[in-house]
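Before any comments, here is the structure.
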Amino acid sequence: MDIHADIPLKNFTTFKLGGPAKAFAEIHSAQDVVQAYQYAKANQLPFFVLGGGSNVIAHDEGYTGLIMHMRIAGFEVVADDSFSTTIKIGAGEAWDSVVQRAIQMRLAGIEAMSGIPGTAGAAPVQNVGAYGQEIADTLQSVDAYDTQTETFVTLTSEQCGFSYRNSIFRSSDMGRYIIISISLRLSKSAPQPPFYDSLQKYFDDHKITIYTLEIVRNAVLDIRTSKLPDPKILPNAGSFFKNAIVEDWQLTDIRAQYPNLPLFDMGDGHFKVPTGWLIEQAGFKGKLLHGIRVNDKNSLVLINEAATGYGDLAAARDEIIGAVRDTFRIQIEQEPLEIS
Ligand code: EPU
């Protein structure tokens with residue numbers, strides 16, 4: 001395993017910002033993980049594990065530590081019964097090719113997460129989800145290197161502490177585990193309604209009444225291309241904000257003013273309010289601020305159109321957060337992690 005110096009992070013993040021990483025290593029195996037970690041430890045460098053770079057933001061001054069660019073491959077059936085098949089997937093596999101292969105094997109549970117950029121190992125970190133599915137629903141376990149004990153461990157889904165777009169990997173245990181593979185337990189049954197609202201609407205509009213895995217995948221890919229900018233063409237990091245989770249009382253005034261407020265009842269006294277809607281109502285949809293474009297189809301996505309650096313992004317982000325707070329008294333949060 002080679003250690004490279006001064007590698008520009010803007011080339012490894014889909015938001016296309018970021019200065020050089022002091023040290024950079026391509027990780028192809030569990031042994032590489034141990035070697036890279038020992039190198040960082042011996043040189044007193046912090047480390048950061050980078051997957052597809054589609055949900056992270058790098059800073060202009062780069063990173064003063066070691067970037068471990070996760071490339072571990074693997075796709076292996078580890079258990080099988082009459083209802084399900086469990087597949088162990090290397091952390092460096094491209095997420096969408098995993099979805100494609102699962103569908104080819106007639107396995108259900110991740111088809112609605114088609115077209116999500118990034119790697120398999122990054123998926124549990126922010127508990128990725130789309131169109132009614134999230135990785136927490138099918139994830140059986142995660143194999144990781146525990147830098148605290150310097151041993152390989154297997155964490156159950158429960159131990160990952162999943163909640164909406166969150167896990168221990170980006171909160172309580174941030175920086176502790178290096179994920180090397182994930183195991184997903186996928187179902188042998190066909191997709192069943194009820195589907196996520198916008199997916200059902202797509203089926204209705206296209207007069208689709210038979211639901212196969214391929215049909216769900218193609219519908220999701222079609223909806224995504226119509227709403228989300230392709231990061232290869234327009235640099236972005238997917239949803240730049242999390243949806244807001246609020247309590248009932250916080251909505252009293254907003255509901256009175258906006259009877260059509262879209263809401264998702266979480267069933268525990270909390271409601272998920274689409275932040276894209278809040279940003280749109282605050283007047284930012286399609287606007288350009290400090291070189292950052294608020295996407296005109298879903299305001300949750302910010303596009304790096306002409307930012308001169310991280311400062312422009314931070315200024316645009318803070319303006320949006322401030323306006324949503326002033327208009328709705330709701331504090332919204334950034335979704336992508338920052339490399340620091
Ligand atoms: N809406 C607006 N204006 C907007 C955006 C959304 O009014 O500018 C409304 C929509 O009309 C709809 C509701 O808000 O009533 C929800 O919108 P949508 O279904 O498009 O999804 P989202 O809540 O904006 C989340 C995920 C996406 C995921 C979609 C589909 C988060 C942070 N984002 O977005 O994930 O693809 O649902 O399931 O949870 C990502 O994380 O990078 C991502 C793209």
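Counting starts at 1 for both ligands and their atoms, following the listed order. Quick note: residue numbers are just sequence positions, from 1.
- A salt bridge links Arg106 to Glu214: one of the charged nitrogens lies within less than 4.0 Å of a carboxylate oxygen.
- Ligand-side atoms of ligand 1 in range of Phe241: 32 (C), range being under 4.0 angstrom from any heavy atom.
- At a threshold of 4.0 Å, the pair Lys227-Asp222 does not count as salt-bridged, since none of the basic side-chain nitrogens sits closer than that to a carboxylate oxygen.
- At least one N or O atom of Arg165 sits closer than 3.5 Å to an N or O atom of ligand 1.
- Looking only at heavy atoms of the protein, atom 42 (O) of ligand 1 is closest to Ser239 N, 2.8 Å.
- For Asn43 (side chain) and Leu45 (main-chain N/O), no donor-acceptor pair under 3.5 Å exists by modelled atom type.
- Listed for the Asn236 side chain is a donor-acceptor partner under 3.5 Å among the backbone atoms of Pro229.
- In this structure, the protein non-hydrogen atom closest to atom 39 (O) of ligand 1 is Tyr164 OH, 2.7 Å.
- Residue contacts with ligand 1: Arg224 is included, with a non-hydrogen atom under 4.0 Å away.
- Within a 4.0 Å radius of atom 12 (C) of ligand 1, the protein has no heavy atom.
- Taking atom 15 (O) of ligand 1 as the reference point, the nearest protein heavy-atom neighbour is Pro262 CB, 3.7 Å.
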Stepwise side-chain contact (heavy atoms from CB on, under 4.5 Å) check, Asn127 with Ser163: CA-CA 7 Å; Asn127 185 14; Ser163 58; 6.0 Å; no

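- Within the 4.0 Å heavy-atom criterion, neither part of Gln126 lies near ligand 1.
- Taking any N or O of Gly276, backbone or side chain, at least one lies under 3.5 Å from an N or O belonging to ligand 1.
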ring-ring contact (aromatic ring centres under 6.0 Å, His included) between Tyr145 and Tyr37, worked out: CA-CA 9 Å; Tyr145 183 68; Tyr37 174 69; 5.7 Å; yes

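- In this structure, atom 7 (O) of ligand 1 lies nearest to the protein heavy atom Trp277 CD1, 3.2 Å.
- Only side-chain heavy atoms of Tyr196 come within less than 4.0 Å of ligand 1; its backbone N, CA, C and O stay farther off.
- With respect to Arg185 and Asp81, a salt bridge is recorded, a charged nitrogen being found less than 4.0 Å from a carboxylate O.
- The residues Glu335 and Lys242 are annotated as not salt-bridged, no charged nitrogen and carboxylate oxygen being separated by less than 4.0 angstrom.
- When Ala130, Gly238, Pro274 are checked for heavy-atom proximity to atom 28 (C) of ligand 1, Ala130 turns out nearest.
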Derivation and outcome, ring-ring contact (aromatic ring centres under 6.0 Å, His included), residues Phe12 and Phe24: CA-CA 11 Å; Phe12 289 88; Phe24 186 101; 4.7 Å; yes

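- Proximity of Leu300 to ligand 1, defined as any heavy-atom pair under 4.0 Å, is confined to the side chain (atoms from C-beta onward).
- Taking any N or O of Ser198, backbone or side chain, none lies under 3.5 Å from an N or O belonging to ligand 1.
- Tyr131 N, 2.6 Å is the protein heavy atom nearest to atom 38 (O) of ligand 1.
- With hydrogens left out, the protein atom closest to atom 2 (C) of ligand 1 is Glu280 OE1, 3.4 Å, a heavy atom.
- In this model, no donor atom of one side chain and acceptor atom of the other lie less than 3.5 Å apart for Thr151 and Asp146.
- In terms of protein heavy-atom proximity, atom 5 (C) of ligand 1 is nearest to Asn298 OD1, 3.1 Å.
- Within the structure, ring-ring contact (aromatic ring centres under 6.0 Å, His included) contacts touching residues 319-340 (residues at least two apart or in different chains) are Tyr258-Phe328, Trp277-Phe328.
- Proximity of Ser299 to ligand 1, defined as any heavy-atom pair under 4.0 Å, is shared by backbone and side chain alike.
- In this structure a side-chain-to-backbone donor-acceptor pair under 3.5 Å is present from Arg293 to Gly286.
- Of all protein heavy atoms, the one closest to atom 23 (O) of ligand 1 is Asn243 ND2, 2.8 Å.
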